[in-house]
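In what follows, a single structure is set out as structure tokens and then discussed.
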Amino acid sequence: MQINLIQGEFSAADTAALIEQMLQIKIRFHEKKISVNSSEEDIKSRETKIKRLQEELANFRRQMLQSASSYHLEAICNLDKR
């Protein structure tokens with residue numbers, strides 16, 4: 001199954017807002033999954049993912065400062081049963 005989340009032309013400001021919100025949602029997802037009952041391995045794995053997402057967000061913000069006036073943005077989610 002495929003879900004078309006975002007598709008279209010967006011201003012630089014709207015593109016930045018959409019991408020930043022998507023990354024923040026993913027960061028919060030991993031933060032909420034860390035609990036007292038989590039194994040040390042799971043905690044380290046999630047912390048690594050959070051740091052990577054935070055780095056991607058920081059890099060994205062830097063690039064957007066040098067941005068064009070508009071962007072074509074597509075975000076498609078592919079779902080496969082396992």
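None of these values were measured; they are calculated from a predicted model.
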Audit row: Gln7, Asn4, side-chain hydrogen bond (donor to acceptor under 3.5 Å, both in side chains) steps and yes/no: CA-CA 7 Å; Gln7 184 175 16; Asn4 191 1; 2.7 Å; yes
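- A donor-acceptor pair under 3.5 Å links the side-chain atoms of Thr15 to the main chain of Ser11, judged by distance alone.
- Minimum heavy-atom separation, Lys33 to Asp42: O-OD2, 4.4 Å.
- Between Leu73 and Ile19 the shortest side-chain heavy-atom distance falls below 4.5 Å.
- The closest side-chain heavy-atom distance from Ile76 to Ile3 is not below 4.5 Å.
- In summary, Lys51 and Glu47 do not engage in a salt bridge, as defined by a charged side-chain N under 4.0 Å from a carboxylate O.
- Between Met22 and Lys26 the shortest side-chain heavy-atom distance does not fall below 4.5 Å.
- Of all heavy-atom pairs between Leu5 and Cys77, the closest is CD1-CB, 4.1 Å.
- Using a 4.5 Å heavy-atom cutoff, the side chains of Ile25 and Leu23 are not in contact.
- Within the 4.5 Å cutoff, the side chain of Leu57 has heavy atoms near those of the Gln24 side chain.
- The CD atom of Glu74 sits 10.5 Å away from the CD1 atom of Ile6 when rounded to the nearest 0.5 Å.
- His30 contributes atom NE2, which lies 7.0 Å from atom CD1 of Ile50 (distance to the nearest 0.5 angstrom).
- Counting non-hydrogen atoms of other residues, nucleotides and ligands closer than 6.0 Å to CD of Glu40 gives a total of 12 or fewer.
- Arg61 and Glu20 are joined by a salt bridge, as a carboxylate oxygen and a charged side-chain nitrogen come within less than 4.0 angstrom of each other.
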Audit row: Phe29, Arg46, side chain to side chain contact (heavy atoms under 4.5 Å, CB included) steps and yes/no: CA-CA 10 Å; Phe29 171 81; Arg46 290 191 185 280; 4.2 Å; yes
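- Of the possible polar contacts, none joining the Ser38 side chain to the Ile34 backbone as a donor-acceptor pair under 3.5 Å is found.
- Each of Glu56, Gln54, Glu55 was checked for a side chain to side chain donor-acceptor pair (under 3.5 Å) with Arg52, and the lone residue meeting it is Glu56.
- Here the straight-line distance linking atom CD of Glu9 with atom CG of Asp14 works out to 12.0 Å at 0.5 Å rounding.
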